[in-house]
Amino acid sequence: MRWTGRPPLLVILGATATGKTGLALQLAERLNGEIVGADSRQIYRGMDIGTAKPDAEQRARVAHHLIDIADPDENPGLAVIQNLANAAIADIQRRGRLPLLVGGTGQYLSAIVEGWRIPEVPPNESLRRELENFALSHGREALHRRLADVDPVTAARTHPNNLRRLVRSLEVWHETGQAISELQQRHPPPWSVLHVGLQLERSDLYARADRRLEAMIEAGFVNEVRLLLEAGYSRDLPSMSGLGYRQLTAHLLDGLPLPEAIDAAKAATHDFIRRQLTWFRGHHADIRWLDAASLETDTIATDVQRWLAQI
RNA sequence: GCCAGGGUAGCUCAGCUGGUAGAGUACCUCACUGAAAAUGAGGGUGUCCCCGGUUCGAGUCCGGGCCCUGGCA
């Protein structure tokens, strides 16, 4: 494949359970492509069923990147993900192939495509605990005032209850002496990007997600969570906070009846779908939306080829 | 058929001696720069079963009807 201008990136996004994985596979096969995951849960080894991770057969058909890159007790963080994705995309382009950035994690998609400059301050767990303890004893308002003293801009746009954001902002200040608001910039990479989004009516999105969860349960989701817990992965790890994982942990450890855990997981998934859609609305204005219920892969592939020819 | 209880938000239900309604959950909206499937903020979305009556005013009181549940036949 050759292109005269900027190297191409095809982005496939959409709410969870819309069929991104299947479409990406078919397009990658037709268009000489490789898939770069933009999914914050498929990065974890051992979390397969509940994350709807592409299986071995699918990954043998098309090369996948950014999947199974961490153990469940690790927490790579946005900057690491962004660097890995950038490297993978550049490498695929260099080899004359088409990178497909595929996933539903809005923050990852935006950070990669918009080129967020992320403050180079890795998470400092002990500092985070210290700040959280301060909030516990003095109140979140007090922590918010501490941030307002050093970084009024960020303080003004962070709700005092959002402890996680407060802690991160103070962490950046503590490590760099600079306000996080001044370190946040954007440097979009020199790519030609086409956004394709998979869309469905809200009630269909919920129904599909519910059905998929039921299928996951039948495929052994509960046992997957049990194995993770038995392997020593604590319930308060970020990786264990995912949809289904959290609720099934409550089932296994707290005796929450399975049907109730499943219902709670469904509701959490609906909530997540809403937040995904909010993100896509706000961050990606130029998405080419497709009806996920009637995908015509050949037509889409032709459209993408036409796009590739004119960039 | 008779007796008793009940029909209020999508669901389960609260609503004191009459002043056009609330809770949990579901649902909807929004923010988001190294935890993001995370975290946080906001929102009531309603023929109070129907018809009539009393009253300045009815979810609430009265009459009639319809439906649901249990018991007795």
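Note on naming: letters A, B, ... go to the chains in the order of the sequence lines (proteins, then strands), and numbering restarts at 1 for each one.
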Parallel, tilted or perpendicular: ring planes of A:Tyr245 versus A:Phe221, cut at 30 and 60 degrees: perpendicular
Opposite nucleotide pairing with B:G44, Watson-Crick or G-U, both atom distances under 3.5 Å: none
Residue whose nearest RNA chain B nucleotide is more 5′ - A:Arg168 or A:Arg212: A:Arg168
N/O (side chain, A:Arg128) to phosphate O (OP1/OP2, B:A35) under 4.0 Å: yes
Sugar-phosphate, base or nothing in reach of A:Pro76, heavy atoms under 4.0 Å: base
Side-chain N,O (A:Arg140) to OP1/OP2 (B:A41) below 4.0 Å: no
RNA chain B-proximal residues of residues 130-138 of chain A, any heavy atom under 4.0 Å: A:Glu132
Salt bridge present between A:Asp149 and A:Arg145 (N-O < 4.0 angstrom): no
B:U39 pairs with, by Watson-Crick or G-U criteria that keep both distances under 3.5 Å: B:A31
N or O in side chain of A:Arg281 less than 4.0 angstrom from B:C30 OP1/OP2: yes
Rounded distance [0.5 Å steps], CD1 in A:Ile89 versus CG in A:Leu101: 5.0 Å
Phosphate OP1/OP2 of B:G34 contacted by A:Arg117 side-chain N/O (<4.0 Å): no
Side-chain N or O of A:Thr105 closer than 4.0 Å to phosphate OP1/OP2 of B:A36: no
A:Leu277 CG to B:C30 P, straight-line distance once rounded to whole Å: 9 Å
Presence of A:Arg202 side-chain N/O under 4.0 Å of B:C27 phosphate oxygens OP1/OP2: no
Test item: A:Gln42 side-chain N/O and A:Ala52 main-chain N/O as donor-acceptor pair under 3.5 Å: yes
For B:C16, the Watson-Crick or wobble counterpart (both distances under 3.5 Å): none
Side chain of A:Pro238 - closest among B:A31, B:A35, B:A26: B:A35
Electrostatic pair A:Arg45:A:Asp68 at N-O distance under 4.0 angstrom: no
B:C27 phosphate, OP1 or OP2, under 4.0 Å from A:His270 side-chain N/O: yes
Whole-Å distance separating the CD atom of A:Glu260 from the P atom of B:U12: 16 Å
Sugar-phosphate, base or nothing in reach of A:Thr51, heavy atoms under 4.0 Å: base
Pair A:Arg157, A:Ser181: side-chain N/O donor-acceptor within cut-off below 3.5 Å: no
Nucleotide B:A35, atom C1' - distance to CG of A:Asn162 in whole Å: 12 Å
Any donor-acceptor pair under 3.5 Å from A:Arg208 side chain to A:Ala17 backbone: yes
Touch class at under 4.0 angstrom, heavy-atom based, for A:Gly50 against every strand present: base
Sugar-phosphate, base or nothing in reach of A:Leu78, heavy atoms under 4.0 Å: sugar-phosphate
Residues A:Arg61, A:Glu57: salt bridge by 4.0 Å N-O rule: yes
Rounded distance in Å - CG (A:Leu163) to P (B:C32): 19 Å
5′-ward residue of the pair A:Val121/A:Asp39 relative to RNA chain B: A:Val121
Donor-acceptor contact present, side-chain A:Gln82 to main-chain A:Ala111, <3.5 Å: yes
A:Arg275 side chain, from C-beta outward: closest of B:C30, B:A36, B:A41: B:C30
Touch class at under 4.0 angstrom, heavy-atom based, for A:Tyr245 against every strand present: nothing
Counterpart base for B:C72, defined by Watson-Crick or G-U wobble contacts under 3.5 Å: B:G1
Separation of A:Ser169 OG from A:His144 NE2 (nearest 0.5 Å): 9.0 Å
Whole-Å gap separating P (B:A26) and NZ (A:Lys266): 13 Å
Sugar-phosphate, base or nothing in reach of A:Ala267, heavy atoms under 4.0 Å: sugar-phosphate
Proximity to RNA chain B (any heavy atom under 4.0 Å), residues of residues 170-189 of chain A only: A:Ile180, A:Gln184, A:Gln185, A:Arg186
Atom-to-atom span, CG of A:Asp263 to C1' of B:U25 - whole angstrom: 11 Å
